[in-house]
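Below: one structure, written as structure tokens.
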Amino acid sequence: MNAVQKSPGPPSLTTSRYIKEEPSALSSSSSSVEAPLDFYAEIPSYELSLDEFEEFALARLKVLRKIEELRAQNITGAEFRTNLESTLKENLTTQNLTASKSFGTIAKPSAKEQSKLNQKIDTASHFILRAAYCRTEDLRRWFLTQECALFRFRLDKILTSSSAFRAFLVEADLHFDRVSDLEKERLRDFLLSIPNSNVSPGELSVSVFYQVPFVQALDLVAKRLCYVHDGMAYVPQSRMVSIIVAKYRMALSKSLVRAALSFGEVTEENERIAPLLKSMNSQYLGRDYGKEDTPLENDELTANTVDSYAKQSMPLCMSQLHAGMKRDSKLKHQGRLQYGLFLKGGGMSTEEHLAFFQRVFTKIMTTEQFNKNYSYNIRHMHGQEGKRASYSPYSCMKIILGNPPQGGESHGCPFRHYDDSSLSSLLTKLNVGSASDRSAILAQKKARNYQLACAKHFEVMHPGAASVEGLSMNGVGNHPNAWFAASVGYHKAKNINGGEEKDMVNCIKCFRPH
């Protein structure tokens, strides 16, 4: 029988046929919920130092960006859960946070006390990031997407325990009517007809179903994953996730909009935390490509080899900067910073950086003009002038949220700053994948998932990369230099394994002077 077809069989429900959860009956079992699971409906009152404020926020930011990274790599199922569980333990626990003393001075907390401390850290970090990410529509969308994924992950963990799940519903003030044993028997044939519910006739009596208005379960109704009668949907407990996540998403979305309205007032009254909140979204927490070893090992990125690397291994933002520089024989200020720091992070030395830019720029100016106007800035970004600081390459988030390119400028993120038509034409011109591949990239761009569009571009240009042994794709879609490093590693692995593509080392040697 069709699981969503209205049936004339069962009579209308009465109050004796479903069960309302009572807080008094379940509050004692709420401590059995191991993972922090909260609707974050009430703003907490905690005293935090500035160090704690920043550390807790950055710890949660690492978790949310890990979720984004896993999604960008299309990692799902058990591998997704394992990676995220490990990231949560590494970041949102008192054992790994140095500034958590304000939550108690217990020398050896019990498991229950430890859970409460971790819950407080989780709650504090959520509200700090909520304040930091409320300012613009793009920031709100990003935060909402990652937080809902984290909430779904935690909700999935407690679904195996009916008592823990029911306790959560009570604590979150979510009112769903649990179908009684009497009503399950009345609806026996209909409930057992729900496709793929994994409920056998012998398990029906111990299986939990909830009755909700069908308008709250439209996704399940459309997929025929519940039974509908008289405007009510009968949903197995295992499928309540989508309904609860939708409620959470709606509540969080509304709270972000409200927070945006008061952001200016809050930051004016709290000048010490204002800079932290305003810069939180641009914090890059991954590998520092300005200080660590480059991916090229013995193959130097030089003025003579950069063209071949631009063609084969640079992300779209940097290959467009390279093309713009070669076309115009110059780059404006923002472009020089974005591309110059990327080349530095890729392993290009100060001398080769100067030689490359001078070779291109002196097509429209003299050597003296180049040295006067540009040499100092290049040496400065390598830490050889001024305060001699070593500047790090721009992350994807910094580029996406930076000033968009104006006339004659080439910087920025093509997935963020190009219109749909221009990006489509560019992908076609560059022969990026098939028509369906390009459509998939454009779909992510249209959905404003700019980093996922970039990750999809990498996937299309590097078929089978996920199966290349030893290849790290961490950070692809989060940092241009991670994209570059993964691409270089991919082509090296293909060459070592006898791939069909031209050997990159030989390609580079042909550019080197003899």
Side-chain angles (χ1 to χ4, degrees), residues 35-37 58-93 96 122 129 141-160 238 241-242 245 248-249 284-287 289 295 313 315-316 395-397 400 415 432-433 436-437 439-445 447-491 493-494:
L37 188 59
L58 292 179
R60 192 180 194 88
L61 190 55
K62 289 180 181 179
V63 173
L64 299 187
R65 288 187 176 170
K66 184 64 175 181
I67 292 173
E68 179 184 45
E69 179 183 316
L70 294 172
R71 290 177 64 239
Q73 296 176 16
N74 292 320
I75 294 175
T76 58
E79 186 177 358
F80 178 92
R81 293 190 293 272
T82 300
N83 275 276
L84 184 51
E85 187 67 46
S86 175
T87 303
L88 284 167
K89 289 181 179 178
E90 290 173 3
N91 294 283
L92 290 181
T93 59
N96 296 302
D122 177 78
L129 287 192
R141 182 181 297 103
W142 183 89
F143 181 72
L144 193 61
T145 299
Q146 315 316 325
E147 280 287 338
C148 285
L150 177 59
F151 182 82
R152 178 183 289 271
F153 166 78
R154 287 171 163 171
L155 184 57
D156 279 333
K157 287 184 65 177
I158 67 168
L159 277 178
T160 55
S238 60
V241 172
S242 61
V245 171
Y248 175 72
R249 185 181 186 88
Y284 175 67
L285 306 174
R287 172 179 173 181
Y289 289 91
S313 290
L316 198 57
S395 67
C396 289
M397 189 61 71
I400 288 170
F415 303 108
V432 174
S436 62
D437 290 330
S439 295
I441 294 172
L442 286 167
Q444 293 288 9
K445 182 257 193 297
R448 301 185 182 182
N449 297 323
Y450 311 118
Q451 291 166 269
L452 294 182
C454 185
K456 181 63 179 178
H457 177 226
F458 180 92
E459 177 186 327
V460 169
M461 299 303 293
H462 304 81
S467 61
V468 175
E469 185 177 357
L471 179 64
S472 172
M473 293 193 294
N474 290 338
V476 171
N478 287 324
H479 202 293
N481 286 89
W483 205 104
F484 179 66
S487 178
V488 169
Y490 171 84
H491 289 293
K494 289 196 68 176

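Note that this is a predicted model, so its numbers are computed, not measured.
Partner Arg60 forms a side-chain contact (heavy atoms from CB on, under 4.5 Å) with one of Leu88, Leu150, Asn91 and no other, that one being Leu150. Of the listed residues (Arg71, Lys456, Gln444), just one forms a side-chain hydrogen bond (donor to acceptor under 3.5 Å, both in side chains) with Asn449, and that residue is Gln444.
Scanning all heavy atoms of the two residues, the minimum distance from Ala453 to Phe415 falls at CB-CD2, 3.8 Å. Leu61 and Leu129 make their closest contact through N-CD1, 3.7 Å (heavy atoms, listed as atom of the first residue, atom of the second, distance). Between Gly464 and Ser467, the closest heavy-atom pair is O-OG, 2.8 Å. Between Leu471 and Ala465, the shortest heavy-atom contact is CD2-O, 3.6 Å. Ser395 and Pro480 make their closest contact through C-CD, 4.1 Å (heavy atoms, listed as atom of the first residue, atom of the second, distance). In plain terms, the two heavy atoms of Ala482 and Asn474 that are nearest each other are CB-O, 3.6 Å.
Here the side chain of Ser487 pairs no donor or acceptor atom with the backbone of Trp483 at under 3.5 angstrom.
Within the model, atoms NZ of Lys66 and CD1 of Ile75 stand 7.0 Å from one another, a figure rounded to the nearest 0.5 Å. Going from atom NZ of Lys89 over to atom CG of Leu92 covers 13.0 Å, rounded to the nearest 0.5 Å. The structure places CG of Asp437 at 10.0 Å from CE of Met461, a figure rounded to the nearest 0.5 Å.
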_What verdict does the side chain to side chain contact (heavy atoms under 4.5 Å, CB included) test give for Asp122 and Arg154, after you've listed the backbone C-alpha separation in whole Å, the side-chain angles of each residue and the deciding distance to 0.1 Å?_
CA-CA 12 Å; Asp122 177 78; Arg154 287 171 163 171; 2.8 Å; yes
*asked:* With side chain to side chain contact (heavy atoms under 4.5 Å, CB included) as the criterion, how do Glu147 and Val63 come out once you've worked through the C-alpha distance, each side chain's angles and the decisive distance to 0.1 Å?
replied: CA-CA 10 Å; Glu147 280 287 338; Val63 173; over 6 Å; no
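The aromatic rings of Tyr248 and Phe151 lie parallel to each other, with less than 30° between the two planes, well short of the 60° mark.
No side-chain heavy atom of Met473 sits under 4.5 Å from any side-chain heavy atom of His462. Within the 4.5 Å cutoff, the side chain of Met397 has heavy atoms near those of the Gln451 side chain.
With sequence neighbours left out, Glu68 forms a side-chain hydrogen bond (donor to acceptor under 3.5 Å, both in side chains) with Trp142. Partners of His479 according to the ring pair (Phe, Tyr, Trp, His ring centres under 6.0 Å) rule, which considers only residues two or more places apart in sequence or in another chain, are Tyr284, Tyr289.
Note on Glu90 versus Lys62: no salt bridge recorded, every NZ/NE/NH1/NH2 to OD/OE distance being 4.0 Å or above.
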Quiz: residues 76-84 side-chain donor-acceptor pairs under 3.5 angstrom, not counting sequence neighbours:
residue : atom : partner : partner atom : Å
Thr82   : OG1  : Ala78   : O            : 2.9
Asn83   : ND2  : Glu79   : O            : 2.8

